[in-house]
Amino acid sequence: MATTHANTAALIYDWNEKERTGPLLRRAPRFVDESIRDGIQSPSVRDPSIEQKMELVRLMDRMGVQAVNLGLPGAGRRAQEDVERLLRFIVEEKLRITANCAARTVASDIHPIIDISQKVGVPIEVMTFIGSSPIRGYTEGWDNERLKKHTHEAVKLGVDHGLPVGFVTEDTTRSHPKTLDVLFRTALEAGAGRLVLCDTCGHATPDGLRNLLNFARGVLRSMDLEDTVELDWHGHNDRGMALVLGLYAFEWGFHRVHGCGLGIGERVGNCSLDLLLLNLFLLGQLDPKQHDLSCLVEYVEKISEATGVPIHPSYPLSGRDAFRTATGVHAAAIIKATKTGDHDLADRVYSSVPARVFGRKQEIEIGHYSGRSNVIFWLREHGYEPSDELVDKVFAFAKAQDHTLTTEEVKAAIAG
């Protein structure tokens with residue numbers, strides 16, 4: 001007799017889609033992976049080997065990430081060598097992903113990018129940055145004339161050498177509109193093709209993001225550049241809002257959003273690029289022909305391995321506990337769904353993320369919050385016949401503990 005599978009989507013009432021007045025996104029989302037630049041500026045990470053960086057770039061390309069920041073060549077010879085090797089690697093493997101590099105608004109940072117691009121014969125987008133907030137200016141002793149001069153010279157240098165240039169204002173979300181107006185216009189008049197708005201200190205709320213975006217659009221509109229200059233969003237997670245703001249940035253019209261695998265980066269990190277991809281997939285906003293997310297968990301695990309940053313057990317999708325439960329009520333529902341043979345039903349009855357799509361599965365454990373069904377399921381999964389006597393024995397042992405049992409502890413209870 002054939003098993004009848006439920007239409008899982010019809011069993012979920014989706015409040016996320018209520019009162020939506022138009023399409024979720026204005027255009028196909030594009031991403032900039034900052035994992036091997038901003039990500040490794042975290043004080044707690046180690047710099048991955050060049051082989052590990054190559055492996056990560058390969059995975060980025062497979063996931064459909066359009067651009068990768070290869071580093072800051074102005075930091076020294078090692079950084080320059082890594083950027084050149086990675087750029088050659090992209091060419092040799094015929095990857096779709098394009099390269100950009102960070103640079104301060106000084107010639108000594110931009111010349112190495114020009115040199116590497118000319119050596120390899122591939123354009124590198126120059127992402128030249130300068131601190132624009134009044135608090136930074138006061139601390140450094142900078143005035144707007146100095147900022148304007150550095151901006152003009154840096155952008156013009158990249159443009160004059162035939163490279164695309166993105167102008168990055170550090171701490172944009174705490175910068176005065178008068179300063180931003182001057183710097184934006186200066187960069188655009190010098191030939192910048194992109195403005196990168198940065199929440200460098202993780203200060204913005206959704207209102208701040210929207211207000212800043214509208215301001216930047218106003219500048220572009222006044223220069224008749226709204227249809228030719230692109231806008232990027234680069235966010236940090238100091239207030240825990242980086243992922244949400246990344247989603248809003250796409251919904252409200254930014255062309256690209258930056259992020260790092262596992263959310264690594266300065267202080268508390270950047271927007272988690274893997275979670276941004278996950279959410280857009282769940283919202284139906286990623287073309288499966290362009291984005292292969294079957295390796296998304298592998299990508300996060302490789303980021304962790306390469307940088308030494310552990311994956312928190314509760315980290316969405318890739319964490320050890322993401323699809324693991326020992327709670328009796330939850331486990332009972334998953335077990336009942338599993339018995340129908342409908343894997344999608346089992347995946348979604350207590351999770352909004354379909355584990356099997358990403359190579360994961362639901363795991364039922366035994367602990368002090370467990371019910372007898374947990375024990376029966378666990379025993380069967382591990383090749384034991386769940387007799388009443390054995391179930392009672394393991395169940396009583398679990399109830400006397402203060403934690404979820406390991407496989408070794410359950411086996412010891414069975415043998416005891």
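For the single chain, residues carry numbers from 1 onward in sequence order. Values reported hereafter were calculated over all heavy atoms of this structure, with side chains retained and with hydrogens, waters and symmetry mates removed. It should be emphasised that the depicted structure is a prediction, and the values quoted were computed from it without experimental measurement.
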With distance as the sole criterion, is a donor-acceptor pair present between the side chains of [X] and [Y] under 3.5 Å?
X      : Y      : result
Asn144 : Thr179 : yes
Glu365 : Asn374 : no
Arg185 : Ser222 : yes
Asp33  : Ser35  : yes
Tyr350 : Thr327 : no
Ser294 : Arg62  : yes
His203 : Asp171 : no

Salt bridge check: are [X] and [Y] linked by an N-O gap of less than 4.0 Å?
X      : Y      : value
Arg37  : Glu34  : yes
Lys178 : Asp181 : no
Glu230 : Arg30  : yes
Lys53  : Asp47  : yes
Asp82  : Arg85  : no

Flag side-chain contact, heavy atom, 4.5 Å: [X] against [Y]:
X      : Y      : answer
Thr325 : Ile364 : yes
Phe89  : Leu95  : yes
Trp252 : Pro206 : yes
Met127 : Val32  : no

> Is the distance between the ring centroids of Tyr13 and Trp15 under 6.0 Å?
Replying inline: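 Aromatic pair counts; centres sit under 6.0 Å.
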
>> Measuring centre to centre across the rings, with the benzene-like ring taken for any Trp, is Phe358 within less than 6.0 Å of Phe323?
In response: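 No - the distance between ring centres of Phe358 and Phe323 does not fall below the 6.0 Å cut-off.
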
Is there a donor-acceptor pair closer than 3.5 Å between any side-chain N or O of [X] and the backbone N or O of [Y]?
X      : Y      : result
Arg372 : Val391 : no
Ser175 : Ser133 : yes
Asn279 : Leu275 : yes
His312 : Ser314 : yes

> Say you draw a straight line from CG of Leu293 to CG of Leu277; how long is it, rounded to the nearest 0.5 Å?
Replying inline: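 That separation rounds to 5.5 Å.
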
> Atom OG1 in Thr404, atom CD in Glu409: separation rounded to 0.5 Å?
Replying inline: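 It comes to 9.5 Å.
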
>> Among Asn100, Leu157, Val126, exactly one meets side chain to side chain contact (heavy atoms under 4.5 Å, CB included) together with Leu163. Which residue is that?
In response: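 Among Asn100, Leu157, Val126, the one that satisfies the side chain to side chain contact (heavy atoms under 4.5 Å, CB included) with Leu163 is Val126.
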
> For Trp378, which of Val394, Ile366, Leu405 qualifies under side chain to side chain contact (heavy atoms under 4.5 Å, CB included)?
Replying inline: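 Answer to the side chain to side chain contact (heavy atoms under 4.5 Å, CB included) test with Trp378 among Val394, Ile366, Leu405: Ile366.
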
> Would Val168 and Cys198 satisfy side-chain contact (heavy atoms from CB on, under 4.5 Å), going step by step from the backbone distance to the final call?
Replying inline: CA-CA 7 Å; Val168 185; Cys198 294; 3.3 Å; yes

> Would the number of heavy atoms belonging to other residues, nucleotides or ligands and lying under 6.0 Å from CZ of Arg77 be above 12?
Replying inline: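 Atom CZ in Arg77 is not packed in, count stays at 12 or less.
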
> What do the steps show when you test His236 against Asp199 for side-chain contact (heavy atoms from CB on, under 4.5 Å), and what is the final call?
Replying inline: CA-CA 6 Å; His236 283 253; Asp199 194 21; 5.6 Å; no

> Which class fits the ring pair His234 and His258: parallel under 30°, tilted 30 to 60°, perpendicular over 60°?
Replying inline: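 Geometry flag for His258 against His234: perpendicular rings.
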
